[in-house]
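A short write-up of the structure that comes next.
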Amino acid sequence: FFKQKTAYEIRLSLVGSEMCIRDRGTSNFKERRRLFVKAMRHFKLKGKILIADREYIGRDWFKFLIDNEVDFVIRSKTNAYKADIDADPGKTLASMVKKVMRSSIADKAVRKAFTLNGMNLYIVVVKNHKKNAREPYLILITNIDQPAKKISEIYPVRWKIEHCFKHLKSNGFNLETINLKGTARQYLLMAVMVLAYTLSVLEGLKIYHTVAIKQYDKDQRQGKAESIFRAGINQLAQYCGTIVHFCEFITQQIKEAISGYRSANLLNV
């Protein structure tokens with residue numbers, strides 16, 4: 001989730017929840033709605049922006065988000081809703097794609113308003129600024145009445161959750177190698193890992209300015225020698241020498257935490 005009109009981000013990471021069940025990689029509308037109803041009991045999602053990949057489109061889904069005052073920027077499949085887009089006045093979807101692809105601007109973006117089942121939406125076509133990209137352009141669907149450039153700058157925030165998945169599964173906690181049986185145990189394991197990941201990122205942000213700069217010979221660029229997560233987990237390990245030290249660390253973190261998005265249901269947790 002991306003908080004509208006500011007650079008502050010709120011993420012609700014529900015890894016291992018209904019949205020990831022049965023190894024299908026995606027969810028249907030009923031599963032998403034059930035998950036959101038649960039989430040909205042504890043988090044103020046009105047006015048936030050949901051950023052999602054192209055598996056999470058759907059007329060009923062768009063209507064559910066709009067009815068609950070949740071804005072969205074969702075990547076669309078290439079020809080999804082093409083007839084509805086082309087039926088409204090203005091450029092066709094194909095002509096929008098041609099316009100961005102022939103532009104000399106690396107991240108050219110164009111927008112068009114269209115109506116879908118009575119909903120006022122916008123289609124945004126964005127040129128992929130990466131050279132030789134497998135997908136030369138992206139198509140985004142949103143209900144936010146903002147310039148195309150603004151919408152195109154919101155979507156890349158989604159990639160940060162992919163970083164989370166990578167660290168959880170292979171480049172950090174090696175979740176894929178853990179063969180834990182039992183639903184209750186699996187949920188507890190996911191909760192512990194997401195907590196550890198979050199703490200690692202928070203600690204990494206505190207010390208990231210001290211991380212050394214590394215020269216990458218392959219492309220002659222410079223960058224940090226390690227990621228925010230890697231710097232943070234190394235720092236976090238220093239607090240885990242004993243259970244007493246770790247509990248003291250966690251207690252201090254809770255005292256310093258901002259609880260603006262904590263509901264009354266969570267105050268005593």
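The structure presented is a predicted model; accordingly, all values stated were derived computationally and were not measured. Heavy atoms only: backbone and side chains are in, while hydrogens, waters and symmetry mates are out.
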Hey, what's the ring geometry for His167 with Phe229, parallel, tilted or perpendicular (30° and 60° as the breaks)?
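Plane angle under 30°, so parallel.
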Should the pair Trp61 and Phe64 be assigned to parallel (<30°), tilted (30 to 60°) or perpendicular (>60°) ring geometry?
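Trp61 vs Phe64 ring planes: parallel.
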Could you tell me whether the side chain of [Y] reaches within less than 4.5 Å of the side chain of [X], counting heavy atoms only?
| X | Y | value |
| --- | --- | --- |
| Asp88 | Lys112 | yes |
| Leu45 | Asn68 | no |
| Leu93 | Ile139 | yes |
| Tyr155 | Thr142 | no |
| Lys77 | Ile57 | yes |
| Asp71 | Gln146 | no |

Taking only residues two or more places apart in sequence, or in another chain, which ones meet Asp145 in a salt bridge (charged side-chain N to carboxylate O under 4.0 Å, His left out)?
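Expected list: Arg111.
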How long is the straight-line distance from CE of Met119 back to CD1 of Ile66, given to the nearest 0.5 Å?
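One gets 5.5 Å once the value is rounded to the nearest 0.5 Å.
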Heavy-atom pair of closest approach, residues [X] and [Y]:
| X | Y | answer |
| --- | --- | --- |
| Leu236 | Ser200 | CD2-OG, 3.6 Å |
| Tyr208 | Ile228 | CE1-N, 3.5 Å |
| Met96 | Lys91 | CG-CB, 3.9 Å |
| Cys240 | Phe246 | SG-CD1, 3.6 Å |
| Glu226 | Asn234 | OE1-ND2, 3.5 Å |

Heavy-atom donor-acceptor pair, [X] side chain to [Y] backbone, under 3.5 Å:
| X | Y | value |
| --- | --- | --- |
| Asn128 | Lys130 | yes |
| Tyr122 | Leu140 | no |
| Ser103 | Val100 | no |

Could you state whether Ile74 and Val97 fall into the same hydrophobic cluster, counting links through intermediate Ile, Leu, Val, Met, Phe, Trp or Tyr residues with side-chain heavy atoms under 4.5 angstrom apart?
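Result: yes, single cluster for both.
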Can you confirm whether Lys206 is buried at NZ, in the sense that more than 12 heavy atoms of other residues, nucleotides or ligands lie under 6.0 Å from that atom?
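Check passes, neighbour count above 12.
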Pair Phe72 + Phe62: ring centers closer than 6.0 Å:
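Between Phe62 and Phe72, which both carry aromatic rings, the centre distance is below 6.0 Å.
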